[in-house]
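Below, chains carry the letters A, B, ... as their sequence lines are ordered, and counting in each starts from 1.
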Protein chains: 2
Amino acid sequence: MIISFNMVMKARRQAAVLELVGGEDIRSQEQLRARLRARGHRVTQATLSRDIRDLGLLKRSADGAYQQPGAEPQVPPAAGAALQKAMAEYASGVDCVQQLVVVRTGAGLAQPLALAIDRAKLQDVVGTLAGDDTILVISRDARHAKALARQLEAWSQFA
Amino acid sequence: MIISFNMVMKARRQAAVLELVGGEDIRSQEQLRARLRARGHRVTQATLSRDIRDLGLLKRSADGAYQQPGAEPQVPPAAGAALQKAMAEYASGVDCVQQLVVVRTGAGLAQPLALAIDRAKLQDVVGTLAGDDTILVISRDARHAKALARQLEAWSQFA
DNA sequence: CATCGCGAAGCATAAATATACATCATCATG
DNA sequence: CATGATGATGTATATTTATGCTTCGCGATG
């Protein structure tokens with residue numbers, strides 16, 4: 001294989017793609033295209049589709065952003081799995097008001113479940129407050145709260 | 001929150017989605033829709049788009065299949081990184097015929113590179129066969145072989 | 001120099017996915 | 001019972017992504 005000018009440009013562009021995707025949320029190939037153009041790479045969406053496939057990137061359905069495999073800021077899998085089991089076992093309902101998520105549990109189960117939530121260290125959980133059968137999860141803002149509630153609710157539904 | 005019939009159906013359907021995605025390669029929501037219909041769930045693509053978002057699934061650009069976060073059969077990052085370096089250093093070309101991937105190397109380098117491929121335990125590599133300057137990687141089928149070849153080729157290009 | 005091979009990339013378009021809006025079911029309440 | 005809230009879903013469509021085919025650049029070769 002001869003190393004041509006085109007191939008060098010391709011490698012440099014793909015390196016830039018990795019850097020961009022790692023640094024901010026890129027939700028579409030057109031958005032990526034704009035960022036690359038600002039760095040001097042002028043290509044079409046079709047080329048980016050191929051680059052993304054070659055690089056093996058993943059697209060998160062939750063928010064539409066691309067990520068590299070292995071990079072999973074969402075749920076550190078170990079803690080996440082434990083929380084998932086705890087939610088399935090203890091939680092009876094999840095609700096969301098403003099930036100707060102309310103988790104209902106059976107009587108006396110709020111404390112242990114809140115502990116599991118704390119241990120999971122979910123990125124946008126600011127803190128938790130547990131009573132007897134209710135947990136208040138405080139999130140950074142309404143948007144994060146909504147996503148968080150969806151996640152918790154999905155987990156809680158596998159009894 | 002009242003638990004309605006609809007919500008139970010939704011939870012059962014989403015459980016089925018996770019099971020299906022874990023068990024085989026699902027590459028489109030229409031394909032998923034067909035599988036679900038065989039299990040008695042009749043819904044539209046739009047609903048599946050929402051389910052997939054709620055479940056936080058990831059879509060692999062490499063082969064278009066959905067996966068759960070954390071499940072990364074593709075490239076266990078440690079071994080993968082070693083292989084990536086080995087490919088960059090030793091490989092000179094990658095080709096794909098049917099379910100076979102042919103990797104060309106410099107003279108005498110096939111054995112060590114084949115070893116690196118074996119160690120990476122890539123999910124759809126059935127086995128490898130190394131001569132002096134050529135490695136034959138046997139994959140499960142043509143589709144997997146194509147994806148594998150793309151990945152190996154991408155790695156080999158960062159010299 | 002003509003021509004061929006090959007990888008990269010563009011163009012046009014197909015395929016896949018997301019979403020605004022409408023509808024329906026379910027339960028609460030006057 | 002009428003009315004209203006809420007959540008799930010369907011319908012139609014917009015948005016996003018993938019791909020068949022063509023073109024271009026660059027070296028190899030006759």
Once you round it to whole Å, what is the distance between [atom2] of [N] and [atom1] of [X]?
| X | N | atom1 | atom2 | answer |
| --- | --- | --- | --- | --- |
| A/Asp51 | D/dA18 | CG | P | 11 Å |
| A/Ile52 | D/dT19 | CD1 | P | 13 Å |
| B/Leu55 | C/dA18 | CG | P | 13 Å |
| A/Asp63 | C/dA18 | CG | P | 11 Å |
| B/Glu153 | C/dG7 | CD | P | 7 Å |
| B/Leu32 | C/dA18 | CG | C1' | 15 Å |

Quick one, [X] and [Y] - any side-chain contact, counting heavy atoms below 4.5 Å?
| X | Y | value |
| --- | --- | --- |
| B/Val94 | B/Val102 | no |
| A/Arg60 | A/Asp25 | yes |
| A/Leu48 | A/Leu36 | yes |
| B/Leu58 | A/Gln67 | yes |
| A/Leu57 | A/Asp51 | no |

Identify, with sequence neighbours excluded, every residue that meets side-chain hydrogen bond (donor to acceptor under 3.5 Å, both in side chains) alongside [X].
| X | value |
| --- | --- |
| B/Arg35 | B/Glu24 |
| A/Gln31 | none |
| A/Asp54 | none |

[X] vs [N]: side-chain N/O to OP1/OP2 distance below 4.0 Å:
| X | N | value |
| --- | --- | --- |
| A/Thr47 | C/dG10 | yes |
| A/Arg53 | D/dT19 | yes |
| A/Arg13 | C/dA9 | yes |

* Should B/Glu153 and B/Arg150 count as an ion pair when the cut-off is N to O under 4.0 Å? ->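 No, no charged N to carboxylate O under 4.0 Å.
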
Please list, pair by pair, any protein nitrogen or oxygen found under 3.5 Å from a nitrogen or oxygen in nucleotides 13-17 of chain C.
| residue | atom | partner | partner atom | Å |
| --- | --- | --- | --- | --- |
| C/dA16 | O3' | B/Lys59 | NZ | 3.4 |
| C/dT17 | OP1 | B/Lys59 | NZ | 2.3 |
| C/dT17 | OP1 | B/Tyr66 | OH | 2.8 |
| C/dT17 | OP2 | B/Gln29 | N | 2.7 |

Under 3.5 Å, which N/O atoms of the protein pair with N/O atoms of nucleotides 21-23 of chain C?
none

* A/Arg39, CZ atom: more than 12 neighbouring heavy atoms under 6.0 Å ->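 Buried by this count: over 12 neighbours within 6.0 Å.
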
* Asked: With a 4.0 Å cut-off on heavy atoms, is A/Arg33 in touch with a base, just the backbone sugar-phosphate, or nothing at all?
  ->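 A/Arg33: no heavy atom of the nucleic acid under 4.0 Å.
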
* Specify the closest pair of heavy atoms between B/Gly64 and B/Lys59, including all atoms of both residues, with the distance to one decimal. =>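 Answer, listing the atom of B/Gly64 first, then B/Lys59: O-CE, 2.8 Å.
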
* Given that B/Ala46 and B/Arg150 both sit by DNA chain D, which one's nearest nucleotide is further toward the 5' end? ->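 Its nearest nucleotide being more 5', the pick is B/Ala46.
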
* Heavy atom of residues 19-26 of chain A under 4.0 Å from DNA chain D: which residues? ->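 Going residue by residue through residues 19-26 of chain A, none turns out to have a heavy atom under 4.0 Å of DNA chain D.
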
